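Fair warning: this is a prediction, and the values are worked out from it, not measured in the lab.
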Number of protein chains: 2
Amino acid sequence: MKHEDSHQHSQQDSHQHSHHNHNDCIDTALETAETLCAEQGQRLTKVRRRALELIWESHRPLGAYQLLAKLAEEGFNSAPPTVYRALDFLLSAGLIHKVESMNAYLGCAHADKAHKGYFLICDECHNVMEFDYQDIHAALIEKAAHQGFELRAETIELTGLCAKCKEKSAGANA
Amino acid sequence: MKHEDSHQHSQQDSHQHSHHNHNDCIDTALETAETLCAEQGQRLTKVRRRALELIWESHRPLGAYQLLAKLAEEGFNSAPPTVYRALDFLLSAGLIHKVESMNAYLGCAHADKAHKGYFLICDECHNVMEFDYQDIHAALIEKAAHQGFELRAETIELTGLCAKCKEKSAGANA
DNA sequence: TACAATTTTGTTATGATATAACAAGTAAAA
DNA sequence: TTTTACTTGTTATATCATAACAAAATTGTA
Ligand SMILES: [Zn+2]
Ligand SMILES: [Zn+2]
Ligand SMILES: [Zn+2]
Ligand SMILES: [Zn+2]
């Protein structure tokens with residue numbers, strides 16, 4: 001499998017605003033996945049591996065049924081449980097994130113580091129950028145703890161207008 | 001309509017950790033809703049008003065179809081558009097919030113002040129507490145702006161264990 | 001009032017997202 | 001090899017949400 005396209009990637013803290021070859025991302029993500037699964041005695045089966053790859057190949061978060069359609073095209077079973085099982089596995093392995101406000105799934109470039117997925121979601125182009133912000137994480141933990149609340153998971157999804165789309169709309173108004 | 005029950009409320013910044021009469025909350029929320037709608041030339045019709053009331057009467061975020069069932073019991077139309085229209089109205093009027101990670105709806109006690117809804121969601125009892133944190137809001141805006149991203153909406157949903165449930169589980173283990 | 005314009009609601013159908021339940025197959029462990 | 005655990009296949013269904021168009025109610029205007 002070759003990954004031909006190059007684009008601006010969505011992982012701010014690893015290669016912020018740099019154009020790069022997305023193939024490398026996919027390959028790295030897949031290698032990381034193999035390693036992590038091996039380490040944890042988890043089985044990255046064909047359908048799970050291909051699901052992860054397809055999610056990475058999409059430049060935007062992918063819906064479960066979109067993914068299911070792609071898998072079906074390739075001869076995998078086309079019933080919903082197939083894709084939801086794969087997604088569940090990838091989610092619990094930390095290899096992907098779910099963007100709750102979009103009901104869609106996104107590859108994580110930092111699966112090897114336990115972390116919360118924080119997202120910037122563009123209303124216009126629907127690109128999603130994952131960002132990492134320890135300050136906010138710490139502040140949230142502290143804030144929650146102050147109320148006696150023990151934090152387990154965080155859904156931080158910020159929507160608005162990305163830099164590119166803001167430029168475009170500014171150009172259109174000029 | 002009488003509101004009989006008393007419980008710990010979910011609006012941290014208005015009456016943090018205080019036991020109080022929820023009836024008052026509902027009444028206040030409804031009054032605020034009437035006022036806001038009047039000011040903005042919006043019509044708080046019977047079904048919209050009753051939907052808001054039912055959402056407030058629930059101690060947890062209410063799903064659209066749960067709400068629909070309650071409305072249907074009272075003689076309102078029982079087709080989905082009825083409830084989604086009411087929800088859309090209440091959402092855009094800022095009278096309720098949607099909890100994305102639960103697909104459920106929650107009354108807002110601060111409808112008169114424009115704000116983002118930040119939530120602490122207990123995994124155990126499913127109570128949801130709205131909290132207000134200007135520091136985090138400011139930090140998020142700044143963080144996004146730093147990437148050229150113009151923030152429009154925020155989904156901040158923190159899940160974990162609330163103080164009460166933490167106590168309970170500690171007691172069980174003792 | 002009568003009329004038109006606007007908004008709201010009724011109704012039917014369908015789309016989109018996700019899970020339950022149980023059978024069959026496959027891989028790992030004993 | 002036999003057992004066990006895990007994974008996948010299959011059918012059905014649950015849950016969440018919207019499209020499209022008709023009917024009714026409300027509001028503004030003459
Ligand atoms: Zn991540
Ligand atoms: Zn954009
Ligand atoms: Zn609020
Ligand atoms: Zn709790």
(message) If I compare all heavy atoms of A:Ile121 with all of A:Glu157, which pair ends up nearest, and what's the gap?
(response) CD1-CB, 3.9 Å
(message) If the cut-off is 4.0 Å, is B:Tyr84 near the phosphate of D:dA17, judged by side-chain N/O to OP1 or OP2?
(response) yes
(message) Heavy-atom nearest nucleotide on DNA chain D for A:Arg48 versus B:Arg85: which residue maps closer to 5'?
(response) A:Arg48
(message) For a quick check of understanding: with a heavy-atom distance under 4.0 Å over all strands, which category does B:Lys46 fall into, base, sugar-phosphate or nothing?
(response) nothing
(message) Need one value for B:Asn103: base, sugar-phosphate or nothing, where a base atom within 4.0 Å counts as base even if backbone is also close, heavy atoms only.
(response) sugar-phosphate
(request) Assign B:Tyr105 to base, sugar-phosphate, or nothing according to its heavy-atom contacts below 4.0 angstrom with the strands shown. (result) sugar-phosphate
(request) May I ask you to decide whether A:Arg49 forms a salt bridge with A:Glu34, counting only side-chain N to carboxylate O separations under 4.0 Å? (result) yes
(message) Using the side-chain heavy atoms of A:Val47, tell me which of these nucleotides is nearest: D:dT18, D:dT8, D:dA17.
(response) D:dT8
(request) Check whether any side-chain nitrogen or oxygen of A:Lys98 sits under 4.0 Å from OP1 or OP2 of C:dA18, and answer yes or no. (result) yes
(message) Less than 4.0 angstrom from a charged side-chain N to a carboxylate O is my criterion; do B:Lys70 and B:Glu57 meet it?
(response) no
(message) Would you say A:Asn77 places a side-chain N or O within less than 4.0 Å of OP1 or OP2 belonging to D:dT8?
(response) no
(request) Round to a whole Å and report the spacing from CG of B:Asp88 to P of D:dT18. (result) 6 Å
(request) Measure centre to centre between the rings of B:His97 and B:His110, then say whether the value is under 6.0 Å. (result) no
(request) Check if the side chain of A:Tyr65 and the base of C:dA18 share a donor-acceptor pair of N or O atoms closer than 3.5 Å. (result) yes
